Amino acid sequence: MHDRTREPARLAVLASGGGSNLQALIDAHQRGDLPCPIVLVISNHADAGALSRAAHHGIAAHYVSRKTDPDPSARILELLREHRVDVVVLAGWLSLIEPSLIAAFRGRIVNIHPAPLPRFGGKGMYGLHVHRAVLAAGVASTGPTIHLVDERYDEGQPLAHVEVPVEPGDTPETLQQRVLRAEHELYWRVLRDQFGAIDPVA
Ligand code: GAR
């Protein structure tokens, strides 16, 4: 039995690129829609927009890669512990998550993918590559999938998916923009529902 109050999870966002999903999460927290604070942002690209967005909002922002650290995963783990992170949020993180990190945060690493899984997932399927594959398949709809991350690439437990129509004349870029808008609406809701109140770590 424990009588301690459940608290919103402290989030770290790992992002390799522009960070529009990160921005949507920051905005949701500032509006009061997402109770979980974003306490740390990590990127494996020094010039990632995600890092400047984080810095702009006073969030600890770190560049970690093989160029900065002989063992980037160990450094990431160290930062996660230093900032007392409960949940790791992948938002356009285009690098492998090492098994040691998955084991340390089992059930507490979440990823967003810009298309249905497993059909449009797997190695090499990120960003515009995904939208090109969706258009090549000639499907009528696509849309983001949010799932827990485990050792099986893009195959962890699904948490949510919303449908986004493919419109006639779509290019990978127009489709990407429509899907991104859906991602921005979906991610904070899933994080709020899953991790808005968690048991504090003993
Ligand atoms: C998003 O569309 C996200 O779903 C995708 O990268 C983009 C990042 O955009 N992730 C993957 O493709 C992972 N396989 P953002 O930097 O503007 O948030």
Side-chain angles (χ1 to χ4, degrees), residues 11-30 34 36 38 40-57 59 61-65 76 87-98 101-102 109-137 139 141-166 170-191:
L11 307 181
V13 176
L14 272 55
S16 301
S20 72
N21 274 287
L22 165 67
Q23 189 65 55
L25 296 178
I26 293 171
D27 293 347
H29 180 66
Q30 288 188 343
L34 173 65
C36 309
I38 298 156
L40 173 67
V41 170
I42 297 175
S43 184
N44 57 342
H45 291 292
D47 57 354
L51 289 177
S52 37
R53 288 180 197 269
H56 180 73
H57 291 277
I59 300 169
H62 290 265
Y63 161 52
V64 180
S65 80
I76 290 173
V87 172
V88 178
V89 177
L90 307 184
W93 177 255
L94 307 180
S95 176
L96 198 72
I97 295 291
E98 295 286 338
L101 194 57
I102 294 173
I109 307 179
V110 191
N111 182 43
I112 189 159
H113 186 79
L117 289 174
R119 181 166 181 193
F120 296 107
K123 231 177 159 37
M125 288 293 259
Y126 60 87
L128 283 173
H129 298 290
V130 179
H131 303 295
R132 277 191 204 106
V134 166
L135 290 176
V139 291
S141 75
T142 177
T145 307
I146 294 173
H147 64 97
L148 291 177
V149 173
D150 63 20
E151 288 80 357
R152 299 164 304 148
Y153 205 86
D154 275 350
E155 285 182 33
Q157 182 194 325
L159 298 176
H161 170 72
V162 290
E163 292 287 312
V164 171
V166 177
D170 259 340
T171 63
E173 289 79 10
T174 59
L175 189 55
Q176 180 180 49
Q177 288 310 312
R178 194 175 310 118
V179 171
L180 269 175
R181 284 195 293 277
E183 294 184 35
H184 299 162
E185 285 304 309
L186 184 63
Y187 217 176
W188 65 264
R189 288 189 163 83
V190 172
L191 294 171

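Since the structure is predicted, the reported quantities are computational estimates derived from the model, not experimental observations. Side chains are part of it too, since the values below use all heavy atoms of this structure and drop only hydrogens, waters and symmetry mates. Counting starts at 1 for both ligands and their atoms, following the listed order.
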Exercise. Is it true that the side chains of Ser16 and Asn44 contain a donor and an acceptor less than 3.5 Å apart?
Worked result: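 A donor-acceptor contact under 3.5 Å links the two side chains.
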Exercise. Does a side chain donor of either Gln23 or His184 reach within less than 3.5 Å of an acceptor in the other side chain?
Worked result: no
For this session: Without swapping roles, check the side chain of Ser141 against the backbone of Glu163 for a donor-acceptor pair under 3.5 Å.
Result: no
Exercise. For Arg178, which residues count as a side chain to side chain contact (heavy atoms under 4.5 Å, CB included) partner, sequence neighbours excluded?
Worked result: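 Counting only residues at least two positions away or on another chain, Arg178 forms a side chain to side chain contact (heavy atoms under 4.5 Å, CB included) with Val164, Glu167, Asp170, Leu175, Arg181.
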Enumerate, atom names and distances included, each donor-acceptor pair closer than 3.5 Å involving a side-chain atom of residues 110-133, sequence neighbours excluded.
{"residue": "Asn111", "atom": "ND2", "partner": "His147", "partner atom": "NE2", "Å": "3.1"}
{"residue": "His113", "atom": "NE2", "partner": "Phe120", "partner atom": "O", "Å": "2.8"}

Which protein N or O atoms sit under 3.5 Å from any N or O of ligand 1? Give atom names and distances.
{"residue": "ligand 1", "atom": "2 (O)", "partner": "Glu183", "partner atom": "OE1", "Å": "3.3"}
{"residue": "ligand 1", "atom": "2 (O)", "partner": "Glu183", "partner atom": "OE2", "Å": "2.8"}
{"residue": "ligand 1", "atom": "4 (O)", "partner": "Glu183", "partner atom": "OE1", "Å": "2.9"}
{"residue": "ligand 1", "atom": "4 (O)", "partner": "Glu183", "partner atom": "OE2", "Å": "3.2"}
{"residue": "ligand 1", "atom": "12 (O)", "partner": "Gly127", "partner atom": "N", "Å": "3.1"}
{"residue": "ligand 1", "atom": "14 (N)", "partner": "His113", "partner atom": "ND1", "Å": "3.2"}
{"residue": "ligand 1", "atom": "14 (N)", "partner": "Met125", "partner atom": "O", "Å": "3.4"}
{"residue": "ligand 1", "atom": "16 (O)", "partner": "Gly19", "partner atom": "N", "Å": "2.8"}
{"residue": "ligand 1", "atom": "17 (O)", "partner": "Ser20", "partner atom": "N", "Å": "2.9"}
{"residue": "ligand 1", "atom": "17 (O)", "partner": "Ser20", "partner atom": "OG", "Å": "2.6"}
{"residue": "ligand 1", "atom": "18 (O)", "partner": "Ser20", "partner atom": "N", "Å": "3.3"}
{"residue": "ligand 1", "atom": "18 (O)", "partner": "Asn21", "partner atom": "N", "Å": "2.9"}
{"residue": "ligand 1", "atom": "18 (O)", "partner": "Asn21", "partner atom": "ND2", "Å": "3.0"}

Mind listing the side-chain donor-acceptor pairs of residues 89-98 below 3.5 Å, one per line with the distance, residues two or more places apart or on another chain?
{"residue": "Trp93", "atom": "NE1", "partner": "Ser95", "partner atom": "O", "Å": "3.2"}

